[in-house]
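Lettering of chains follows the sequences in order, A, B, ..., and the numbering in each one begins at 1. Note: hydrogens, waters and symmetry copies are ignored here, and every other heavy atom, side chains too, is used.
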Protein chains: 2
Amino acid sequence: MTNLLKDKKLSETPFRKEVLAIFKNYKTAIPMAVIERDLKDYNRITLYRTIKIFLEKGLIHEISMTGESANYALCLSDCSATVHHHQHVHFKCTQCEMVSCVEVTAFPSLQLPDYKIEQLEIQASGICKSCLQGE
Amino acid sequence: MTNLLKDKKLSETPFRKEVLAIFKNYKTAIPMAVIERDLKDYNRITLYRTIKIFLEKGLIHEISMTGESANYALCLSDCSATVHHHQHVHFKCTQCEMVSCVEVTAFPSLQLPDYKIEQLEIQASGICKSCLQGE
DNA sequence: TAATATTTGCAACAATGTTGCAATAAAAAT
DNA sequence: ATTTTTATTGCAACATTGTTGCAAATATTA
Ligand SMILES: [Mn+2]
Ligand SMILES: [Mn+2]
Ligand SMILES: [Zn+2]
Ligand SMILES: [Zn+2]
């Protein structure tokens, strides 16, 4: 298990460690509200700053889906604020509302005449694994 | 030219007509800030309510791209708040910052084991037509 | 034109996000 | 292990964004 904070040259503070631990607790992406709720010692301003710096360092990435408030998830590959090396799809379950990062073997590609595409983001919605299993 | 407001059973008020005219002026998607700036007679609250009801009636759709504030664009097909029949990609130019709806002949498809996909949204970023033409 | 239904804009509020700054804590240097 | 230096935290205060009740104004229907 690597030390994500040290790797990204961030000071190891109790607050940051706690936020990181919360991310690791979830297999899904989470919104601010969940972090807020899970933090033992919550401070609104510090949380904003923590999220911001985690984004800048490419420790987490933001997931914005139409009509939703932003969700956040750990980056699994080695990312920076601007360049993310993910090859995964963001999935929103319309039943349980969960947002998750789903790895795909063949990531779709797309060509547009007149446009030079540098990055593709794919957001799917539908029914997730556990909701399908009648849970 | 059809009457979008009457079609959607919305009262034809000067405010709504003006907002609609602004949308028609642009070939791209636009954020609230642009509408705000272009309106001769701007009222924050009424604008929020107008956008909300246009969304509900499927007159416009919202485009949320990672890190951006929401953009809005007219629906060209016949849409409702929940069901949009677009088969287009959302493109954000990293140079001129424009967000636009781009029609594609072959819309990519995707299968995920364990997930039932009901809708796919694709957001591309890169360099747009006019920026490519060295403008 | 009158009656009814809807929209508008004000006021007041709620939620979300930002900044300066002094106290505090972490990292680096001795 | 202390000290020095650097970075983070949390408060207060503010800025931006979005919402709601309600009376006046406007649009639609009769
Ligand atoms: Mn992801
Ligand atoms: Mn579109
Ligand atoms: Zn689900
Ligand atoms: Zn461009």
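- In this structure, Glu56(B) atom CD and dT6(C) atom P are separated by 14 Å, rounded to whole Å.
- Taking atom NZ on Lys57(B) and atom C1' on dT7(C), their separation rounds to 14 Å, with Å as the unit.
- For the pair Glu62(B) and Gly67(A), the tightest heavy-atom approach, listed with the atom from each and the gap, is OE2-N, 3.9 Å.
- Counting distance only, with no hydrogens placed and no angle test, the side-chain atoms of Arg44(B) and the base atoms of dG9(C) include no donor-acceptor pair under 3.5 Å.
- Taking atom CD of Glu18(B) as the reference point, atom C1' of dT8(C) lies 14 Å away to the nearest angstrom.
- Among all heavy-atom pairs drawn from His61(B) and Cys75(B), the shortest one is ND1-SG, 3.5 Å.
- Sorted by first then second residue, the ring pair (Phe, Tyr, Trp, His ring centres under 6.0 Å) pairs that include residues 4-24 of chain B, not counting sequence neighbours, number zero.
- Distances were taken from every side-chain heavy atom of Tyr48(B) (C-beta onward) to each of dG10(D), dT8(C), dT19(D); the shortest belongs to dT19(D).
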Protein proximity profile, nucleotides 19-30 of chain C - base contact B, sugar-phosphate-only contact S, no contact -, cut-off 4.0 Å on heavy atoms: BB-----SS---

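- DNA chain C lies under 4.0 Å from no heavy atom of any residue of residues 29-39 of chain A.
- Distance from the side chain of Thr50(B) is smallest for dT8(C) among the nucleotides dG10(D), dG9(C), dT8(C).
- Across the protein-nucleic acid pair, Asn43(B) atom CG and dA24(D) atom P stand 18 Å apart, rounded to whole Å.
- The neighbour count for Glu118(B) CD, taken as heavy atoms of other residues, nucleotides or ligands under 6.0 Å away, is above 12.
- Every pair passing side chain to side chain donor-acceptor pair (under 3.5 Å) that includes a residue from residues 33-45 of chain A is listed here, sequence neighbours excluded: Tyr26(A)-Arg37(A), Tyr26(A)-Asp38(A), Asn43(A)-Thr46(A).
- Axis angle across the helix from dT1(C)-dA30(D) to dT30(C)-dA1(D), with five pairs used at each end and values rounded to 10°: 40°.
- The neighbour count for Lys129(A) NZ, taken as heavy atoms of other residues, nucleotides or ligands under 6.0 Å away, does not exceed 12.
- Alongside Leu112(A), the hydrophobic cluster contains Val89(A), Phe91(A), Val102(A), Val104(A), Phe107(A), Leu110(A), Tyr115(A), Ile117(A), Leu120(A), Ile122(A), Val89(B), Phe91(B), Val102(B), Val104(B), Phe107(B), Leu110(B), Leu112(B), Tyr115(B), Ile117(B), Leu120(B), Ile122(B) (criterion: ILVMFWY side chains under 4.5 Å).
- Ile51(A) places its CD1 atom 12 Å from the P atom of dT9(D), with the value rounded to the nearest Å.
- Distance check, rounded to the nearest 0.5 Å: CD of Gln123(A) to CD of Glu68(A) gives 10.0 Å.
- Remark: side-chain polar atoms of Ser125(B) are not paired, donor with acceptor, to backbone N or O of Cys93(B) under 3.5 angstrom.
- Here the C1' atom of nucleotide dT8(D) and the CG atom of Leu5(A) are 13 Å apart, to the nearest Å.
- A heavy-atom distance below 4.5 Å is not found between the side chains of His90(A) and Ser100(A).
- Atom-to-atom, CD1 of Ile53(B) to C1' of dA27(D) comes out at 14 Å; the value is rounded to the nearest Å.
- The number of heavy-atom neighbours closer than 6.0 Å to NZ of Lys116(B), taken from other residues, nucleotides and ligands shown, is 12 or below.
- Nucleotide dT7(C) holds its C1' atom 6 Å from the CZ atom of Arg16(B), rounded to whole Å.
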